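Data block below; observations after.
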Amino acid sequence: MMMMLRSLSRPLERCLGVRAGGDALMWHADLKPHASGDFSIAVVQANNCLEDQSQVFASPFATYVGVYDEFATEQGGLSADVIKKAFNATEEEFLRLVKRSLPVRPQIASVGSCCLVGAISNDVLYVANLGDSRAVLGRKASGDKENTVVAERLSTDHNVGVEEVRKEVEELHPDDSHIVVYTRGVWRIKGIIQVSRSIGDVYLKKPEFYRDPIFQQFGNPVPLKRPVITAEPSILIRKLKPQDQFLIFASDGLWEQLSDEAAVNIVFKNPRAGIAKRLVRAALQEVAKKREMRYSDIKKIEKGIRRHFHDDITVIVIYLDKHRGSSRNKRTKQNAMGCTMAPVDIYSFNADGGDEDLL
């Protein structure tokens, strides 16, 4: 996990880029194997620079998933404590980078990222997040509805647009009646940021940065009595069950357009190959519907301008094939091209929009 989080700041060499037909800003990997089944990834860009990054680390024994909106085990294995230490180490490493870079790049003090991480090991699922990317489980319903799927949200949206989160922030700042204000159509902390937890955004966490004259030349100072956001992740640990079918990890760009239930039903009712791309297209169709446009028109809009219609969208679908025979085990040792995989395989979409297969 540490390796995975640290890769946020490391450039990756593009090895493979698969674009979706008709949309120059969409990339995808239709279907690849992981330790517990198959997975699919798709990304569509809206901003001038793609702010989403995503990764799947696959080994014969464990699977790690990350979605970042711009694991090394210890002490016997994964735990909430190990995950918290990984997040903390990533935050501290980024803080050191900010301190080194501030004199020449003062804007780096205002750079931050949401972070959603999932890990599966020994049939136990770990989900940790900061910000408003989201993990949703699709599981078969029981009884008379066994041919349907139920959506179970596994992560917390740390967004003050959610009333519970807004109240949480207000309770932490009883002496600041303007800690959360409604501005530019949404609720924002100090009128600036929607998420209450992130990696980075150090000027909202460390007084020395927002008081620094160099940073004040870059942006308006924010008078804070104490940090207003944190890097403390929400963590869920859950034993996987036979009725658990798949996981959807996605940035908020997807969930702004599709409900949890709509997303899991799309995955449940459609073929595996290209399922992440299908979810992205469903979200874009919703965008087109809201704007009374055709989907084909949305695909023609250039990056940057396209951000006025929707956010960057990243989707990873992880299938959970609990009962694997020898053929399933054999297949996890091969990639989609039928080539033998190394002990650990890393599939990433980087800031250039490329699909990477790093061995």
Side-chain angles (χ1 to χ4, degrees), residues 2 4-12 45-54 66-70 86-116 129-133 158-160 169 172-173 176 178-233 251-253 303-308 311-312 314 350-353:
M2 187 84 68
M4 198 170 171
L5 294 178
R6 283 179 176 171
S7 68
L8 278 168
S9 60
R10 295 181 182 176
L12 298 171
Q45 182 176 353
N47 290 287
N48 277 317
C49 294
L50 181 66
E51 295 178 359
D52 287 3
Q53 293 193 37
S54 57
V67 174
Y68 319 110
D69 189 1
E70 230 180 18
F87 273 77
N88 184 65
T90 303
E91 174 80 350
E92 290 300 315
E93 186 172 321
F94 188 74
L95 177 59
R96 288 191 291 271
L97 173 64
V98 172
K99 289 179 177 179
R100 292 195 306 268
S101 306
L102 193 68
V104 293
R105 296 177 61 199
Q107 65 270 29
I108 197 172
S110 63
V111 172
S113 177
C114 297
C115 183
L116 171 64
N129 78 294
L130 298 168
D132 51 9
S133 294
H158 300 132
N159 188 311
V160 289
V169 173
L172 291 172
H173 301 269
D176 188 347
H178 297 96
I179 183 64
V180 182
V181 297
Y182 191 82
T183 180
R184 303 193 301 281
V186 295
W187 290 98
R188 299 176 188 269
I189 296 175
K190 303 303 290 185
I192 299 171
I193 191 169
Q194 293 179 260
V195 295
S196 61
R197 308 189 193 191
S198 71
I199 297 291
D201 296 305
V202 299
Y203 77 114
L204 297 175
K205 298 173 180 175
K206 304 287 185 180
E208 61 266 30
F209 289 104
Y210 64 74
R211 293 173 184 164
D212 191 295
I214 296 176
F215 179 73
Q216 290 185 10
Q217 292 176 11
F218 165 72
N220 295 326
V222 184
L224 305 177
K225 297 178 181 179
R226 64 184 68 88
V228 295
I229 65 174
T230 75
E232 179 75 16
S251 60
D252 63 318
K303 59 185 177 181
I305 297 174
R306 193 147 160 176
R307 181 61 183 90
H308 297 291
D311 200 354
D312 296 333
T314 293
N350 69 3
D352 294 324

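This structure is a prediction, so every number in the text was calculated from the model and none was measured.
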For this session: Would you name the heavy atoms of Gln194 and Trp187 that are closest together and state the gap between them?
Result: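 Closest heavy-atom pair between Gln194 and Trp187: CG-O, 3.6 Å.
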Pairwise distance [atom1]([X]) to [atom2]([Y]) - rounded to 0.5 angstrom:
X	Y	atom1	atom2	answer
Glu91	Ser113	CD	OG	10.5 Å
Ser110	Asp201	OG	CG	7.5 Å
Thr230	Lys205	OG1	NZ	7.0 Å
Arg100	Leu95	CZ	CG	10.0 Å
Glu232	His158	CD	NE2	9.0 Å
Arg197	Asn129	CZ	CG	8.0 Å

Problem set entry | Worked check of side chain to side chain contact (heavy atoms under 4.5 Å, CB included) between Tyr203 and Val98 | CA-CA 10 Å; Tyr203 77 114; Val98 172; over 6 Å; no
For this session: Verify, without hydrogens or angle tests, whether Ser251 (side chain) and Thr314 (backbone) share a donor-acceptor contact under 3.5 angstrom.
Result: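 Yes, because the side chain of Ser251 sits within donor-acceptor range (under 3.5 Å) of the backbone of Thr314.
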Exercise. Does some side-chain heavy atom of Asp252 sit less than 4.5 Å from a side-chain heavy atom of Cys114?
Worked result: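 Answer no - side chains too far apart.
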Exercise. Going through the checks in order, is the side chain to side chain contact (heavy atoms under 4.5 Å, CB included) test met by Asp311 and Asn47?
Worked result: CA-CA 7 Å; Asp311 200 354; Asn47 290 287; 3.4 Å; yes
For this session: Take Ile199 and Leu130, measure what side chain to side chain contact (heavy atoms under 4.5 Å, CB included) needs, and give me the verdict at the end.
Result: CA-CA 7 Å; Ile199 297 291; Leu130 298 168; 3.6 Å; yes
Exercise. Is Asp176 salt-bridged to Lys190, cutoff N-O under 4.0 Å?
Worked result: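 Yes, this pair counts.
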Problem set entry | Single hit among Val186, Ile193, Val180, Ile179 for side chain to side chain contact (heavy atoms under 4.5 Å, CB included) with Val160 |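 Between Val160 and the candidates, side chain to side chain contact (heavy atoms under 4.5 Å, CB included) is satisfied uniquely by Val180.
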